[in-house]
Every structure is written in C-alpha cells, then in structure tokens.
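The sequence lines fix the lettering, A, B, ..., with proteins before strands; numbering per chain opens at 1. Just so it is clear, the model here is predicted, and its values are computed rather than measured.
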Amino acid sequence: MSDMIKITYREAIKQSIRDVMQKDERVFLMGEDVGNYGGAFAVSKGLLKEFGAERIMDVPLSESGFTGAGIGAALAGMKPIVEVMTVNFSLLAMDQIFNNAATLLHMSGGQLNVPVVIRMGCGIGRQLAAQHSHSWEPFFAHVPGLIVLSVGTHEDARGMLISAMESPDPVIIFEYTFMLNMEKEIPADSGAVEIKKAKVLREGKDISLITYGAGVYKCLEAAEALGQEGIDAEVIDLRVLRPMDEETFLNSVKKTNRALIVEEAWRSVSISSEVISRIMEKAFFDLDGPVERLCGVEVPIPYPKHLEDASVPQVSDILDKVKKMLKP
Amino acid sequence: MSDMIKITYREAIKQSIRDVMQKDERVFLMGEDVGNYGGAFAVSKGLLKEFGAERIMDVPLSESGFTGAGIGAALAGMKPIVEVMTVNFSLLAMDQIFNNAATLLHMSGGQLNVPVVIRMGCGIGRQLAAQHSHSWEPFFAHVPGLIVLSVGTHEDARGMLISAMESPDPVIIFEYTFMLNMEKEIPADSGAVEIKKAKVLREGKDISLITYGAGVYKCLEAAEALGQEGIDAEVIDLRVLRPMDEETFLNSVKKTNRALIVEEAWRSVSISSEVISRIMEKAFFDLDGPVERLCGVEVPIPYPKHLEDASVPQVSDILDKVKKMLKP
Amino acid sequence: MEKKKKLDSKEGQRLLQQMILIRRFEEKSAEEYTKSKIRGFLHLYTGEEAVAVGVIQALTEEDNILCTYREHGHALARGVDPNAIMAEMYGKQEGCSKGRGGSMHLFDASKNFFGGNAIVSGHLPLSVGMALAAKKQKKNNVTCCFFGEGAAAEGEFHESMNLAALWQVPVLFVCENNLYAMGTAIKLTHSMQQLEKKGAAYGIEAAAVDGMDLLEVMEAVEKALKTIKEKGQPYFLVCNTYRFRAHSMFDAELYREKSEVEEWKKKDPIPKFQEFLLKEKLITAKKITEIEKAVDAQIQESIEFAENGTWEDAENLTRFVYSETESI
Amino acid sequence: MEKKKKLDSKEGQRLLQQMILIRRFEEKSAEEYTKSKIRGFLHLYTGEEAVAVGVIQALTEEDNILCTYREHGHALARGVDPNAIMAEMYGKQEGCSKGRGGSMHLFDASKNFFGGNAIVSGHLPLSVGMALAAKKQKKNNVTCCFFGEGAAAEGEFHESMNLAALWQVPVLFVCENNLYAMGTAIKLTHSMQQLEKKGAAYGIEAAAVDGMDLLEVMEAVEKALKTIKEKGQPYFLVCNTYRFRAHSMFDAELYREKSEVEEWKKKDPIPKFQEFLLKEKLITAKKITEIEKAVDAQIQESIEFAENGTWEDAENLTRFVYSETESI
Ligand SMILES: Cc1ncc(C[n+]2csc(CCOP(=O)(O)OP(=O)(O)O)c2C)c(N)n1
Ligand SMILES: Cc1ncc(C[n+]2csc(CCOP(=O)(O)OP(=O)(O)O)c2C)c(N)n1
Ligand SMILES: [Mg+2]
Ligand SMILES: [Mg+2]
C-alpha cells in the first residue's frame, strides 16, 4: 500500500488538470477566468503561468459559443477541457451539449467522435441564492450520448478527469464547490480511476445508503454515527450518473434489503427517482420495505444560511430517517 | 350531456388560442412563424388576419431573446403566450425559463409574478431525426416554480391553454406534433379544464397504465385490446407533470395492485422514474409485483421509420408487457 | 455645459448625497461581510457610482430598472429603502426581497426596481419584454437595463439589441464598461472594444461617455432619453468606468496591477463632483460634512434595522415557489 | 472581371455540371418525397446553387465545411458521393450517415464535410472551434460555415463572430441571405438588414455579394480567402440570394407573393452562367446537353443505389450512442 497524503479537493482537481496537460499536447483548458483570475474558485491558479495562454485560455462570457467551440475543437482532433464556471450557467450551453456533443456521433452514423470533457462547479452551500446554487445533475443524466461523472471524493477529484480524457465520447464532470476547501487523505500515487462503476465506500449489512456528489461524505459520516448505535450501513457512491451502473447498488440492496437514497438535487425527476425505479424493477422481491429518499427541497435555493441548510439533507436528517426506517 | 363534435388536435388548440385572445386584451401570441407562415404546424393559421400583427407576433430566431421578452412582458402586466416552435429549440431558452421565469417569484420574496404561458411542440413521429424529435418533458418537470402540462387528449388540447392563462405562475404546455392531424370527438361546449389533477380515462381493476402525452391514446387502445382478452386495465393520463398529482395514480395502484408506466421520453431520469418512486414510497405494500415501465429507447432518435418506431413504445409493446406482467 | 448650468444647489446636493451614501453603504457592507453578517457573493460598485446616480436621476418613477448582481448602488439611487437593502443582505425577512435573495437579488416592485439578476445578460431579454409591454399598453415609460461589458459578449446582448430595435421599444441599454469581467480584461472578451460601435449593427443610436464624471453621464442620459422618447427607439449608452475594489469578496485581484487601480482612483467621481459643486458654489464644505454625517447615521440605522430583523421560519422554506393567490 | 478571364473551359463546365446536378438532384428528391421514399423534412436549395458551388470550388480538400439542414447542394459541390446522399435520404445503411441522419444530417468525415446541422445557428460555434483547432495545430486550412440570414439573429452568431475575431482564427462565415427564415421575412427578423454591416461590430472584414451570380460569388470568396490567409482572421461574406421553392415540403408559402418568386426566377444562376459560358465560347450547346444527360444518369444511378440499399437491423438501434472503440 502506498503512502497517504493530505490534500484538498481543489488541489486534487488541479493536479489532475496538470497531469493531463503534461501528458498530451492536444489538451487545453478553456473557460471563463481560468487564466488570469486563477479560476473562479482558484482551481486553476498557477496553471496559466505553467502552460501559457494558448493552453489555459480565458474566454469571454459566451457559454454557448465557447462550449460549442470546445466541441468543434474536439471534432478537429484536439482534446479540450471546457470549464463552465458553474452548472448554473450551463443552461446557456445546453443546446451545444445536448444537441451537438451528445448527438453528433449518432447522427453521423459513427463518423464523428466528440472527445470533449466539460467540467462544471455544482451545488449548494455558499449562500449564493437561487440562480447560483443549482444541482442539475439530473438534466445531464437524462441524455444518451453523454458520460456523466460526479466527483464525490478526493480520490475521484484526483483521478476522474485523467480517466475522462481517455474517453472518445463527451464527458461531463460535476465538481462540488462546497467541497473545494475540504482536506482528506488519499494515496500519494493516486491517479486515473475507473469511470464505469459505482463504488461501495463502506460495507454494511443493515441498509444501503446510495448517494453521489455532496451526499457522499455526509452518508459516510452518518454511517459512522449509525455504527455507534449498532446499525451497519453500506454506503455507495454512484459516481457515474450516466450510463448508470446499477449492478453495484442492486447487489447491495439484495444484501441489505433496505435502501435510502440521498441527494441534494430537487426531488422530482432526479437521480434518486431513477435509482429507486431500478430497484423497483430489479430487486423488488429483495426488499423488506419501501426504498426511501432524502432529496433537495423543491425550492429555488434561498439566501439565508438556515434556509439554505434546510434545503438539502443534512447528516442528522439521514440519521433520523435511517432509524425510522429500521426501527418502526 | 352536450353534443359531441369531431375536431382535430390542431383545431382544438387553435380554438383555445382564439378563445383566450378574444377574452383578454392583454393576451398576445409570440413565436417564430406564428403569423405570416401560419404556424410551423399550421396551428395558428388565420389568427394573424383575425387579430393583427400586434397580437400575433412573428419573432426572429432568438429563442432566448423572445422567450425572455415574453417573461418580461408578463412581469409588466401583459399575458403573453410564447410559442417555442418545438422543444428541440427550447434549450436555447432554458436559462430564461429556469433561471428567470421559475425563480423570480421566490427571489423577489413574492413580489413578482410571471404569468407567462410557454407552448412547445414536442415528441417523435415525423422522421425528423436526432435534433428534431426530442421528448424533454423530464427537464421541465424537475424545476420548481414551473407548472408543466402535457396535452394528451383532444379535450385538453381544447381546454388546457384556457386554464393555463388564469395561472399567476409560469406554465409550460407540451403539445404533441404527431397528434396534430388526429381527429376525435369532444363535447361541443368544451372549454377550460381542471389543471391540477391527473385523470382516470378508463377504469379497470387489473392493472394501472400510467402515461401522458403521446402515450395516452396508445394506452387507451391497448386497454381496449386487453379488454378483449379479459384483462381490465385502468388508464391514467398524468396531464400535470409538475406539480405532479400523485393521489390519482396512488389510488389507482392501491386498487389494481399493479402498474405499468408508458412514456416516450428516454428512460433514465424520466417522468416514469418519478412515478415509480412515488409508488415505491407510498404504495409499496399494495403492490403484487414490481411496477414496470416502457420508455423511449436511449438513443438520439434515428431518421428511418422502422428505427424511429422502434425508439418508442408501441401499442403492441404495451400488450406484450401487460400480458407478461399479469400472466407469469 | 448646459447640464452644469441647469443643476441647482438642492439637486446637486441630493446627487452628492446619493453617491456618498452608495460609497459608504458599500464600505460598511464589506465590513459586515468580514464579520460574516453578510454572506454569499458581495459585489461592490465602488468607483462606478456616477453611472447609477447619473442615469437614474433622469428616470421617472414609472420607468423600470433592471440591474445585475452589482446593484446596491442602483437600488439606493432608485430610493429603495436602505434599511430594507441592508436587511436583505443580512438575509432577514424585513429585507426588500424578504431575505430570500441577498445582495445579488434586490427587488422592489413598488419602485419598479426589478433586480438584482445574477445570470450575466439574463435580464436583457426581460428588459426588452418590459418595454414591449409598455408599448402595447401605450404607457410612456422607459425601461432602463444596466449590465457590464462582459455581458455584452453573451448572445443575449445581440438578441436583445436586435429585438428592441426591430420592435422599436423604449429601452435604454446602459453598459457599465469597467474593463473587467471578473478577472478577464476587455481585450480578452471583445474583439471590438469600442462597444458603442456595436449599436450600428442594429441601427441603434449609441454613445460612449466618461462614466467617472457625473455631469457627463447626466448629459449623455438626457440625450439618450430624448432620443428614446422622440423616436420611440432603443438607445445604447456605454459608460466607461472602473471598479476600485475586487470583483467580489472572493477575488484576490491577480489580474491587474495595483498601479492601474491607483491611476483610476484619481478619477474618483465623488471628489470630482464635490469639487465641481464647491467651485460653482452649489455647496459648502460644512454642508458636505453634514451630508456625510447624515449618511453615516442612515447607514448605522440600516445596520440596526438589519440586526433587529427576524429570520424566516424554516417551515416557510417553500413559500413563494408558487403564488399564494389562485389567479391574476 | 479578372475571374471571368481566368475561368477555363474545363473548370467552367465542371461548375455548370455541379449546379445542374444540384438542381436536378433536388428536383428528383422532391419527386421521391411525394412518393414517400424520402420523409421527414426536406429543404431544397433551388435557386441558391451559385452560393455553394461558388464558395466550395475555392476551398481545398483540407478545408472544413459546416452547413445547415439545407445542405444537399453543399454536399454535392463538395464531392460527397451522390449515391450515398440519396441513400441517406432514403434512410438506408449505405447512406453517408449510415441512414441515421436523413436529409438534414449529411456527413462525410472523409471529405471534411461536417453536416447537416438542424438547430439553426448551432453549428457556428463548432466552426469556430474547428478553426481554433487548426490554428493550434498550425494547419493551414480554413473552416467554412454556411448559415441563413435567420440564423444571424441568434445569439450564437454574435458569440461566434466575436470569438473568431478575438482568437483570430481562420473561419469563413457565409451567410446565405435568401430573405426568409421559413415564412418570416428579413424585415421581421433583423433591424439591420444589410447584414454585412454587422462585421464592423466585431472588427471582422465583411462583404455582400450577388449570390445569384456564380462569377461574383467566386470573386468574392477569393478575396475572402485571401484575407483569411494573409491576416489570419475570420471573414464574413453575405451572399444575397433567394430560394425558388418552399422552405420545406410542408410549406404552403402563404407569406410571399408568387410574383416575387417569379421576379427572382429571372435571376436564376444556372441559365445566367450557361449564357456566360456560351458567350465566352467556353462551352457548346451540345456539351450542355451532354452534361444534362450525364447528370440525369448519375441521379438515376443514385436512386437505384438507394433503392437497393439495405435497412439497418432494428436490433442495432442503439449503435453509435457511444463509441465502439474504448479510447482515442
Ligand atoms: C451566464 C453567467 N456566466 C458566468 C457568470 C459568473 N460571473 C459573474 S459576474 C461575471 C463577470 C461579469 O462581468 P461584467 O458583465 O463586465 O460585469 P461586472 O461584474 O464587471 O460589473 C462572471 C463571469 C454568471 N454569473 N453568469
Ligand atoms: C434554433 C432553431 N429554431 C427554430 C428552428 C426551426 N427552423 C428551421 S429552419 C428555420 C428558418 C431558418 O432560416 P434561415 O436561417 O434564414 O435559413 P434558410 O432556411 O432560409 O436557409 C426555422 C425557424 C430550428 N431548426 N432551430
Ligand atoms: Mg465589467
Ligand atoms: Mg433564410
């Protein structure tokens, strides 16, 4: 086993960008404020100096234009990393992503690959209010042709981009701005990670906590606390929101016979809806009771801290819910 | 009971537009080709002559601009009907719809109403290929602040818009271009319809077929055929995709103990995922077996007829599936 | 200059008071931010005060105003209650958006002050729509839309300019060109940096003005409004200005030289206008001190008001997602 | 004119052959449409042939071409196999997009022919990206992007023009101004109808040319390419033209007078060029007849090829959603 190092989520992402830039000259990073400003959230700080303005490209406020340009550059043999500052602004680039990146391969009968990687900051937690706190993973997870990754851990922050760059097909990567300053230990030699499978982060036999993104550490924390009370929870990070790896969570549910889905996105028509549906379809007879979920409350996120906190599931909510589910 | 008249889906919608235009001077219709061209699908043919160019406004190709202008006009006391020619182009207006129309009321602490109605053509069925055949109801149904209606029947084509115009909040209406030429009977005095509830279109006791949009007549046809074979299917048209009326389908499932969801949208993270989840959460113990679903195949829709047909559930698929579910 | 002659002592003092209020109100806000009383993003307008004050003084109460997230100055110049603004930034119920919006989402419908919009360029289409409504309603008001030079690179700028000119609606587009969009200099966002030249692409009359000089702004806006009213056409006014402080409280300002900032500070609009008033004997030094004191007292009051404000009950989290009235 | 002098007999005949091929190929397509052999949308280029032929003849094999859904002419002028085009419109596997795309989505990567894009303006950003890639790769090719005047009202036009000029990339934007966007006349879509004036808003060199005159187009494009290559900058070429036929096969042409169409037909580019060739003795009447015969034979062959083509097995429906190779 290799040594462990302490690293922030931000630094882990930055190192992954540096790795792929060093490895392949076709790679370049383009996005608003990725260069001179150092990245809206300081993720790319220092990279402009290291790689120069040709490879760390500041772009104008033109989400549709520059995302489309990234797709075009990918069509023409480059390997762009497009940073859409946050998912909140991605609606402006949605046509390019859904109608171009996701469909060109099929429309052209397999002729055109679109090896673009689009990274976006995502999620709630900084009191940025309604237009800046969206969790829109569900939109992207609905669209065939895309590979959709959610960075829920520091190892994935260090490795997912590296693996995504090998994909011949467009990859969307969600990074959680709330986690940027969080420090965790990862193996010193962390690098590329597998990007087809969900991951069991904690084994348990009493209930499956299925989650992704900002829910991952919350569920792990909840699982530890539940352990203190004699409840043995299994925690699964979905990681790949599309194409979804159902095998991992179905196996888990077949073992635990109970599941709770935890996500920060709005409840209706969400990732949790999809997970529940697949459990319904393929593990119904293994269930001891209905699968439940804790999701984002269906409200444009309000500004004040206490209302923001109330808008997404907290560790205490998970504890309460699990206890209610297991001890009726 | 009133007399019945024969009417096409197209004519029913046109009459509803005419009704609301006549009733309220603040109403105007804006969209690409709604005027001089007569509507991309001839829905608004003749209305320019009747109401003049001030009230039937042809707009440039500028989905974000004119949809936003519609929202702005609604803020300022008008009651615009914005026609986005088809949902395929709505991505260009998504920011205006999700970040403005859906959030302004909340962000402003209740000060600003956005009484805009946005109509869109939707769905598959005319061999228009990948960029012109989308069923994107799931995106809209995910977003709080919006009311999302799906026009699955001729009565709703005649009435939903009329009711939507009374809403103080933004309403999205999906119309199915494939159904435009379809002729059906409706009561001669059809008008406003209730827009908060799903509707049981056919009562039955053996299984609940839950659907919306282009699935409605397919399910009704399937139910008739099943009836011939002694299977008594209940058919529910969801109608209101957001906020979803779960009571109607939960009651149905509690009676039939079996459900199949039928939708044309892509399977993952869809309306059917949400319906299944709610059944899981609230009617689990009433189920005799897992709820199943027939959905759009996850592919950018291909052009040739046989492949297009294979991309969405057909009546025969429904029959096969129900029979498999009921006679194991 | 004609304007200078027209300005009487009372009006001059009122405008000075506004600029000082904005300056000090924001300085205080920054202080409260460091004390964590205010959170989220906080974008200060320091250095740009002459633009908001110069433009808004020329508007009537019926005119509509739309701004970006950098809108404290505009709200204050519009006469939105400073107490309600401070309370909003504190996230209290007594805030002008009931605490839901925070710094980026100040709204006051009673003052026709329509935000506080945090999607860059997202409010431009709204402004066109509001002006369209006014035209349809045969009102005589103007809609004034403020935005940054960064926003002018977005497609929404293009669509909105075209729609406004095409429909001949009374919008005043005010571009606050402060040379940076976050950390991205205008030379990296616009191929044509004399933004006023973009007016010709739409047949819109346009002008650029020194936005550091209140009198110049006043003169330019007078001409603009005259054109709008006489010709019933939109107008594009570029105010060249500079922000003295960081983009937001998160910004380390790596992208510009301190010396550049110092150079611009020499053009500070407040001392400049103060000197003008003194020179023209429209004010005395004593009166200035009185104004400053009054402003400080007002700000202190706003802090107390905000401190004493109340938190929304978390149970009311989902208020204002949909309207509480049934129809309009 | 210099160009006229340069044109030799062989080249002149080749260009005439291309225009006649496009004209007749499309007439035949319309016929096949009425026989239901071709379905979906079918947008004919009739009347506009001089634009595609005039522009594309000047491009090298390495240059990239992107078009709209009205692209049969461009594909033929590019040398995409007519058999493969016709088979594509039939939806057969032997089509240039393996039958997945149909008329609106012709692709041929081997010819650097990148569609066939059916979201109006959606391909403009792609073209900028392809040109950006070429610049980064230090290739010497140009990317040529065709679009309608309707598309120029979309935000993507603005963003793409700005990005191309800002990044100084070799794109030739060719606006095919045929005066209508579906049924909406240019006076209802553009406040500034001399579209070439929009170049100045970006510092892009621009020109307008009579798109009904092949020689004029050739001359204009030569100048444009020279500018692009010498200055390493984009160029905006507006070709004023007219479509003789309906927008698509669904269009009843309510929005324009027959007499207007007849007027324009007098400017038909094919007889005009034919007369020029005859007058300059670059062709004989006999040779013209030979060309026509050869073209007819070629079209007949394409029909047979398409008829004999095979249908994709419905089992392969989901091919090309993701790549079949693992990485690139
Ligand atoms: C569509 C969108 N993209 C990106 C952002 C992030 N962002 C917020 S302000 C800003 C810069 C805007 O610059 P400008 O328009 O010049 O206004 P200024 O802040 O200088 O007043 C950016 C990139 C956003 N809020 N919205
Ligand atoms: C974004 C988008 N909006 C609307 C449409 C529907 N539509 C297809 S072609 C067209 C007109 C386009 O006109 P123009 O750009 O002038 O090209 P032309 O068809 O005249 O060649 C419209 C409105 C579309 N395909 N894409
Ligand atoms: Mg700026
Ligand atoms: Mg056109």
Heavy-atom proximity to chain D below 4.5 Å, by part of [X]:
{"X": "C:A206", "value": "neither"}
{"X": "C:E154", "value": "both"}
{"X": "C:I204", "value": "neither"}

Who among D:E156, D:K187, D:H190, D:K197 has the most heavy-atom pairs with chain C under 4.5 Å?
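Most heavy-atom pairs under 4.5 Å with chain C: D:H190.
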
Pick from D:G155, D:G203, D:A200, D:A165 with the largest number of heavy-atom pairs that fall under 4.5 Å of chain C
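It is D:G155.
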
Any donor-acceptor pair under 3.5 Å linking the side chain of D:K139 with the backbone of D:A131?
no

Please state whether the side chain, the backbone, both or neither of [X] comes within less than 4.5 Å of a heavy atom of chain C.
{"X": "D:L195", "answer": "neither"}
{"X": "D:S160", "answer": "neither"}
{"X": "D:A153", "answer": "both"}

Can you name the one residue among C:R256, C:E48, C:E263, C:E176 that meets side-chain hydrogen bond (donor to acceptor under 3.5 Å, both in side chains) with C:Y242?
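Output: one option passes, namely C:R256.
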
Determine, for D:Y45 and D:R243, whether the Lys NZ or Arg CZ falls below 6.0 Å from the six-membered ring centre while staying within 45 degrees of the axis.
no

Give the ring-plane orientation class for [X] versus [Y], where under 30° counts as parallel, over 60° as perpendicular and anything between as tilted.
{"X": "C:H74", "Y": "C:F146", "result": "perpendicular"}
{"X": "C:F41", "Y": "C:H43", "result": "tilted"}
{"X": "C:H158", "Y": "D:F157", "result": "tilted"}

